[in-house]
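As structure tokens, the structure follows; a few thoughts come after it.
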Amino acid sequence: MEYLEGGRFGRITKHLRRQGYEKEMEEILYDSKNFPKLKKPEQTKYVETVMGRMDKSIGKDNAERVLIECGVQCCGKSWSSFVKRIWNQSESINDFFIKLNEEEEKYNTQFTYDPNRNTIAVERSKCVCGLINKGKPFKTHKGYCKCSIGHMSVFFNTVFNVKEIQIKQSIYSGSDTCKWHIQLNEFAQQ
């Protein structure tokens with residue numbers, strides 16, 4: 001059976017295969033070739049449907065691992081180069097966050113660094129995910145945004161030593177904003 005391999009959605013296909021779920025892909029992605037023909041809001045609904053199929057077929061934890069790897073790929077070299085450029089232009093960690101917030105304003109994103117706790121809080125008031133952001137929030141399978149953990153991991157590990165990343169809430173699981181908590185290791189700077 002053939003599945004959609006290209007574009008943002010194709011990342012799901014590729015990571016299911018890479019993680020050894022070739023057999024389960026038939027149950028999860030049997031109609032994925034129709035995805036590009038769907039209107040944007042229908043694509044978002046279809047992604048939610050695929051999330052449900054993944055949870056049922058490979059389990060919630062395995063589906064989450066697939067999504068995190070999709071997020072790693074989504075970040076890619078352009079985002080890591082972006083954060084590295086800002087880091088290299090900054091005179092201090094505080095200067096870095098000032099510049100990062102200025103550049104990320106267009107993405108409706110705010111970063112807050114707490115040096116005492118060695119943490120970063122990230123809040124975004126608008127979804128920037130090009131795969132789902134034209135549809136309605138998910139009603140049933142709300143785990144999709146776990147992919148952002150992979151994205152944030154690549155992004156922040158480019159300039160810091162990250163201990164843990166948690167997504168606290170997301171717009172597509174029904175919240176007004178997306179929020180992440182990033183715990184840095186004791187020696188935060190790379």
Side-chain angles (χ1 to χ4, degrees), residues 1 3-32 35 38 42-77 79-80 83 107 109 111 119-124 126-158 160-185:
M1 183 171 269
Y3 311 107
L4 182 62
E5 302 281 344
R8 290 181 176 109
F9 186 87
R11 292 176 186 154
I12 295 171
T13 306
K14 291 172 185 170
H15 288 288
L16 281 165
R17 185 177 291 115
R18 284 184 190 147
Q19 292 186 34
Y21 300 113
E22 185 86 33
K23 189 173 72 173
E24 292 85 352
M25 286 169 58
E26 188 171 338
E27 182 180 334
I28 299 168
L29 301 173
Y30 63 88
D31 55 355
S32 64
F35 182 80
L38 300 173
E42 294 168 335
Q43 288 180 346
T44 302
K45 183 133 184 72
Y46 180 74
V47 170
E48 181 177 16
T49 298
V50 167
M51 289 302 309
R53 292 176 188 169
M54 286 173 58
D55 287 353
K56 182 180 174 191
S57 184
I58 66 174
K60 199 171 191 163
D61 290 343
N62 293 327
E64 187 175 303
R65 280 191 281 282
V66 168
L67 291 170
I68 289 171
E69 288 304 312
C70 290
V72 165
Q73 185 180 359
C74 178
C75 188
K77 291 183 180 181
W79 282 104
S80 54
V83 72
Y107 300 111
T109 307
F111 299 86
T119 60
I120 304 166
V122 182
E123 185 167 5
R124 183 171 284 146
K126 185 177 178 189
C127 178
V128 297
C129 176
L131 187 57
I132 65 166
N133 68 0
K134 302 291 188 228
K136 294 185 178 172
F138 297 151
K139 290 183 177 9
T140 53
H141 301 284
K142 299 181 178 186
Y144 173 78
C145 296
K146 294 280 185 172
C147 63
S148 65
I149 293 171
H151 190 285
M152 293 284 181
S153 177
V154 172
F155 188 82
F156 284 108
N157 273 301
T158 300
F160 296 114
N161 185 350
V162 176
K163 182 177 183 178
E164 181 184 26
I165 299 174
Q166 297 174 335
I167 182 167
K168 297 295 193 178
Q169 64 186 45
S170 74
I171 293 166
Y172 272 78
S173 60
S175 297
D176 290 336
T177 61
C178 298
K179 290 184 180 181
W180 296 267
H181 178 267
I182 294 96
Q183 179 65 56
L184 302 175
N185 280 311

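When every heavy atom of Arg124 is checked against every heavy atom of Ile171, the shortest pair comes out as O-CD1, 3.9 Å. Contact record, Val50 with Leu29: CG1-CD2, 4.1 Å, taken as the closest heavy-atom pair.
Qualifying salt bridge (Lys or Arg N to Asp or Glu O under 4.0 Å) partners for Arg17, counting only residues two or more places apart in sequence or in other chains: Glu5, Glu22.
In this structure, Cys178 SG and Gln169 CD are separated by 7.5 Å, a value rounded to the nearest 0.5 Å. To the nearest 0.5 Å, atom NZ of residue Lys168 and atom NZ of residue Lys179 are 10.5 Å apart. The line from CD1 of Ile28 to OH of Tyr3 is 9.0 Å long, rounded to the nearest 0.5 Å. Taken from CZ in Phe35 to CG in Leu4, the straight-line distance is 7.0 Å, to the nearest 0.5 Å. Once rounded to the nearest 0.5 Å, the distance linking CE of Met51 with OG1 of Thr49 reads 11.0 Å. Of the inter-residue distances, the one linking Ser153 atom OG with Glu164 atom CD reads 11.5 Å to the nearest 0.5 angstrom.
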Table please: side-chain donor-acceptor pairs of residues 132-145 below 3.5 Å, with sequence neighbours left out.
residue: Asn133; atom: ND2; partner: Cys127; partner atom: O; Å: 3.4
residue: Asn133; atom: ND2; partner: Cys129; partner atom: O; Å: 3.3
residue: Thr140; atom: OG1; partner: Glu48; partner atom: OE2; Å: 3.0

Donor-acceptor contacts under 3.5 Å from residues 63-76 side chains, at least two apart:
residue: Arg65; atom: NH2; partner: Asn62; partner atom: OD1; Å: 2.4
residue: Gln73; atom: OE1; partner: His15; partner atom: NE2; Å: 2.8

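Within the 4.5 Å cutoff, side-chain heavy atoms of Phe111 are placed close to those of Phe156. His181 has its side chain within reach of Thr119: a pair of non-hydrogen atoms, C-beta onward, lies under 4.5 Å apart. Residues Arg11 and Leu131 are not in side-chain contact: their nearest non-hydrogen atoms beyond the backbone lie 4.5 Å or more apart. Counting heavy atoms from C-beta on, the side chains of Phe160 and Ile182 never come closer than 4.5 Å.
Judged purely by atom type and a 3.5 angstrom limit, Ser80 has no side-chain atom pairing as donor or acceptor with the backbone of Thr158.
Atom NZ of Lys45 has 12 or fewer neighbouring heavy atoms from other residues, nucleotides or ligands inside a 6.0 Å radius. More than 12 heavy atoms of other residues, nucleotides or ligands shown are found within 6.0 angstrom of CZ on Arg53. No more than 12 heavy-atom neighbours from other residues, nucleotides or ligands sit within 6.0 angstrom of CD on Glu26.
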